[in-house]
Participant: 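To start, I am sharing the structure in question, which I have written as structure tokens.
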2 protein chains.
Amino acid sequence: MASKNSGKTRSVTMADVAKEAGVSRQLVSLVVRNTGYVAPEKRELVVEAMQRLGYQRNTLAANLAAKQTNTIGLAIFDLHNQVYAEFADGILEVIEPAGYKLLVSVTRKESAADRTTVESLVGLRVDGILVATHFGADGRNLSQALANTPAVTLGEVADEPNIGAISGNDSLGGKLATEHLIKQGHQQIAYIAAPITHQNADRHRGYLSALEDHGLAELVFSGDASEAGGKTAFDLAMTTTPRPTAFFCYNDATAFGVLSCARERGLRVPEDLAVVGYDNTTPAGYPGVDLTSVDQRAHEMGQLAAQALLERIRDQDAPLEQQSLAPELVIRRSSVTPN
Amino acid sequence: MASKNSGKTRSVTMADVAKEAGVSRQLVSLVVRNTGYVAPEKRELVVEAMQRLGYQRNTLAANLAAKQTNTIGLAIFDLHNQVYAEFADGILEVIEPAGYKLLVSVTRKESAADRTTVESLVGLRVDGILVATHFGADGRNLSQALANTPAVTLGEVADEPNIGAISGNDSLGGKLATEHLIKQGHQQIAYIAAPITHQNADRHRGYLSALEDHGLAELVFSGDASEAGGKTAFDLAMTTTPRPTAFFCYNDATAFGVLSCARERGLRVPEDLAVVGYDNTTPAGYPGVDLTSVDQRAHEMGQLAAQALLERIRDQDAPLEQQSLAPELVIRRSSVTPN
DNA sequence: CTGAAAGCGCTAACAA
DNA sequence: TTGTTAGCGCTTTCAG
């Protein structure tokens, strides 16, 4: 007896509040929803009753009945990566004023559960989902998981009908970064790649295109878009000949991994090794880090994606937003050859 | 006509799946919940029907009916702060194997909506809540917002009956940090304070106690527990006499703000200024940053808190967990006086 | 395995 | 303003 939910005390319901306040259930509903006209004294009565009883509305029931949750879901990959914080900031600025709440669903990167993340949000029937998690190259998976929930991807393009996307021009970003390194005099420039996504493919492509323009050969090492991934890839790179003298990394997280390893090996940045990241996260600018990084304007992307999503929620037939922001290379010490 | 939810297509229900598969609704429910015995062929039938129809269970309805969500809520303050990522990692390691999902509710720090964050989780009827947000000194607010939802606070003690807490020994941490700075020869040691919480009060107390032991006077400047707060406080500190030569900061985020400002003013760390943070977040260890920081073992705290919470969910009468972890000072370059 | 019935706590529409 | 009546999509229990 009593294995689960042993002592679960039945929670206070609207009916309880109504009785306590001596009014009808509907009246309570009205004041809770802050809708329609309620006489001040009655409202007062209800509010007091709610406080006495410690009433908390059951959003589950409310949402189920209303078929609407006033909540936006954000699916992300790794809480450690600061880009997501930038995204979230931008998103909140847009949705909070519009009366929406934000719910974040996180994957542990090991569990590769991108799908789960979105599905759990869909299950909760959030009004819309912002997908900032890596979904591999397989957009179909995303579409399936979404099951018609309005969605906009962030950073990554979705190439599925009916899904919006606010992305950066990643191939341009890759090209800018690589050209910068070439201009600094590097010939052996490595790309630290991440899992197979459009973002990765595009950054890679930009890198290649810059190399080709200058007749240089590519050197690619794969990690997993995290600091640990950067370390792995770096260690690999150090065993090869010719050894790279410059690293263009898939993102800042990866670059931080590279920086750490470089120090462990006694390599100085930028004297012995130039490093460029992507995302221009806050830590990239910390004194002493000074990581050159491609800024894809994550904050702005968050805002735009949120706007696009709200648009789509209001009108399912609104035109599909497919914006792309131009990236900007922020040059710091980590990549500048001293003279 | 049609202002909201204009094109909202009715979503696929269990009944639809049952009809499609030619079985009863209960059978569908069984396979969805993965409960009881279902004949393999029948299961196959159902699964296929679900895929054909793109069925996604309505978790709202399921949770409402089952009075259980298999979800743990995490209330946090600021996605930018890496401690929360550490917390989350530890939490996930414990709850995922136990079959729980994690939902994160974030506040924008400006909106001071600690309460909202918890309330929105309570509304969703998550099975338990981990509170890692700053709740001011007012535990009553928390209790009210929780409305009997099992909860454990992370980092902060709750001093409310019925709320568990896994915290660090913050006054010890403050003392360790300050004593270290004293040992480095500093006399003017500032504390960069954060909003009124137990954590802040305790770290402050530890700082004071160390100062008193050595007959030093306190210098306190207040920020808001973020990078921006650190900057504000630092600027303030720079206008006072005597000017501090060392800073013990409420947390790493604050410390990063201080480090940035210091550089802007051309002050070298640690030559002109020693800095110590709290939390020992990942960026503190980045090459070039090398921030001395008190490690409160956030990852472990996350695990313990999750365990305590699960315990409490299983049995409402389980003894209240009130653990405190001993912090450890991780000394790096930022605080060591060169000789 | 199926069918029937009750209920979770709320919203929504309408009549009184 | 208040009742009344439905119903949201699912779980749970019990009999068959």
Side-chain angles (χ1 to χ4, degrees), chain A residues 3-5 8-46 50 53-71 122-125 127 147-148, chain B residues 1 3-5 8-46 50 53-71 122-125 127 147-149:
Chain A
S3 64
K4 276 192 167 183
N5 279 356
K8 196 97 175 183
T9 41
R10 199 184 67 79
S11 49
V12 185
T13 75
M14 276 195 169
D16 300 327
V17 175
K19 197 193 297 175
E20 171 83 11
V23 301
S24 71
R25 245 234 325 246
Q26 295 56 249
L27 220 218
V28 177
S29 180
L30 286 183
V31 348
V32 165
R33 280 179 295 156
N34 206 8
T35 303
Y37 175 77
V38 180
E41 322 94 53
K42 294 277 184 182
R43 158 166 281 125
E44 184 72 7
L45 236 45
V46 172
M50 294 200 309
L53 269 41
Y55 173 75
Q56 286 279 357
R57 174 154 64 149
N58 186 329
T59 314
L60 249 37
N63 290 344
L64 178 60
K67 289 173 154 297
Q68 190 180 342
T69 60
N70 294 312
T71 299
V122 171
L124 286 170
R125 294 299 188 266
D127 294 338
N148 289 319
Chain B
M1 51 190 91
S3 64
K4 274 190 168 183
N5 280 358
K8 195 96 175 183
T9 41
R10 196 185 70 79
S11 47
V12 186
T13 74
M14 276 195 171
D16 300 327
V17 175
K19 196 191 298 173
E20 173 83 9
V23 300
S24 71
R25 232 183 24 148
Q26 291 62 250
L27 220 220
V28 177
S29 181
L30 285 184
V31 347
V32 166
R33 280 180 294 156
N34 206 7
T35 303
Y37 174 77
V38 179
E41 321 92 57
K42 294 277 184 181
R43 156 165 282 123
E44 185 70 7
L45 236 47
V46 172
M50 296 200 309
L53 268 41
Y55 172 74
Q56 286 280 356
R57 173 153 65 150
N58 186 331
T59 314
L60 249 38
N63 290 345
L64 177 60
K67 289 174 154 297
Q68 189 180 344
T69 60
N70 294 312
T71 300
V122 171
L124 287 171
R125 294 299 188 268
D127 294 338
N148 289 319
T149 309

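The sequence lines fix the lettering, A, B, ..., with proteins before strands; numbering per chain opens at 1.
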Participant: Of all the nucleotides listed (C/dG9, D/dG3, C/dT2), which has the minimum atom distance to the side chain of A/Gln26?
Facilitator: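 The nucleotide sitting nearest to the side chain is D/dG3.
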Participant: Kindly point out which of D/dT12, C/dA12, C/dC10 is positioned nearest to the side chain of A/Ala66?
Facilitator: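 Out of D/dT12, C/dA12, C/dC10, the nucleotide with an atom closest to A/Ala66's side chain is C/dA12.
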Participant: Less than 4.0 angstrom between a side-chain N/O of B/Tyr55 and OP1 or OP2 of D/dG9, yes or no?
Facilitator: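 It does not, given that no N or O in the side chain of B/Tyr55 lies less than 4.0 Å from OP1 or OP2 of D/dG9.
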Participant: Scan A/Val38 against the nucleic acid and name what it touches under 4.0 Å (heavy atoms): base, sugar-phosphate only, or nothing.
Facilitator: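 Counting heavy atoms under 4.0 Å across all strands, the contact made by A/Val38 is with sugar-phosphate only.
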Participant: If I take atom CG in residue A/Asn34 and atom P in nucleotide C/dT11, what distance separates them, rounded to the nearest angstrom?
Facilitator: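 Those two atoms, CG and P, are 12 Å apart.
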Participant: Quick one: does B/Thr69's side chain have a donor or acceptor within less than 3.5 Å of a partner on B/Asp127's backbone?
Facilitator: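 Yes.
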Participant: For B/Gln56 and D/dC8, give me the distance from atom CD to atom P, rounded to whole Å.
Facilitator: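 One finds 20 Å between P of D/dC8 and CD of B/Gln56, rounded.
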Participant: Between A/Tyr37 and B/Leu60, who's closer to the 5' end of DNA chain D by nearest nucleotide?
Facilitator: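 Result: A/Tyr37.
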Participant: For B/Leu27 and C/dT2, give me the distance from atom CG to atom P, rounded to whole Å.
Facilitator: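 Spelled out: CG on B/Leu27 to P on C/dT2 is 4 Å.
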Participant: What pair of heavy atoms forms the shortest contact from A/Ala147 to A/Val122, and how long is it?
Facilitator: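 Closest approach of A/Ala147 to A/Val122, heavy atoms only: CB-CG1, 4.4 Å.
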Participant: Quick one: label B/Arg33 by what it contacts on the DNA or RNA (base, sugar-phosphate, nothing), any heavy atom closer than 4.0 Å.
Facilitator: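 Base: the residue B/Arg33, judged by heavy atoms under 4.0 Å, touches a nucleobase.
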Participant: Mind calculating the distance between CG (A/Asn63) and P (C/dA12) to the nearest angstrom?
Facilitator: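 Checked: the CG to P distance equals 11 Å.
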Participant: Nearest to the side chain of B/Arg25, which nucleotide is it out of C/dA5, D/dC8, C/dG3?
Facilitator: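 The closest nucleotide is C/dA5.
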Participant: Closest heavy-atom contact between B/Ala21 and B/Val46?
Facilitator: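 Heavy atoms of B/Ala21 and B/Val46 come nearest at CB-CA, 4.1 Å.
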Participant: Between D/dG9, C/dT2, D/dT11, which one does the side chain of B/Asn58 approach most closely?
Facilitator: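 Nearest nucleotide to the side chain: D/dG9.
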Participant: With a cut-off of less than 4.0 Å, is there a side-chain N or O of A/Ser29 near OP1 or OP2 of C/dT11?
Facilitator: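 Answer yes for this pair, as a side-chain N or O of A/Ser29 is under 4.0 Å from OP1 or OP2.
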Participant: Any idea which heavy atoms bring B/Tyr55 and B/Thr13 closest together, and the distance?
Facilitator: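 For B/Tyr55 versus B/Thr13, the nearest heavy atoms are CE1-C, 3.7 Å.
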Participant: If each of A/Leu64 and B/Ala65 is mapped to the nucleotide of DNA chain D with the nearest heavy atom, which maps nearer the 5' terminus, i.e. the 5' end?
Facilitator: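 Result of the comparison: A/Leu64.
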Participant: Once you round it to whole Å, what is the distance between C1' of C/dG9 and NZ of A/Lys19?
Facilitator: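 The answer, rounded to whole Å, is 15 Å.
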Participant: Report the nucleotide, chosen from D/dT11, D/dT2, C/dC10, that has the shortest atom-to-atom distance to any side-chain atom of A/Ala61.
Facilitator: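 Among D/dT11, D/dT2, C/dC10, the one nearest the side chain of A/Ala61 is C/dC10.
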Participant: If the cut-off is 4.0 Å, is B/Lys67 near the phosphate of D/dC10, judged by side-chain N/O to OP1 or OP2?
Facilitator: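 No, B/Lys67 has no side-chain N/O under 4.0 Å of OP1/OP2 on D/dC10.
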Participant: Can you measure A/Met14 atom CE to D/dC8 atom P for me and round it to whole angstrom units?
Facilitator: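 Rounded to the whole Å, the gap is 19 Å.
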Participant: CZ of B/Arg125 versus P of C/dG9: gap in Å, rounded?
Facilitator: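 Spelled out: CZ on B/Arg125 to P on C/dG9 is 8 Å.
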Participant: Could you state the atom-to-atom distance from CG of A/Leu30 to P of C/dA13 in whole Å?
Facilitator: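 About 13 Å, once rounded to whole Å.
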Participant: Write down the atom of A/Gln56, the atom of B/Arg125, and the distance for their closest heavy-atom approach.
Facilitator: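 That would be O-NH2, 3.0 Å.
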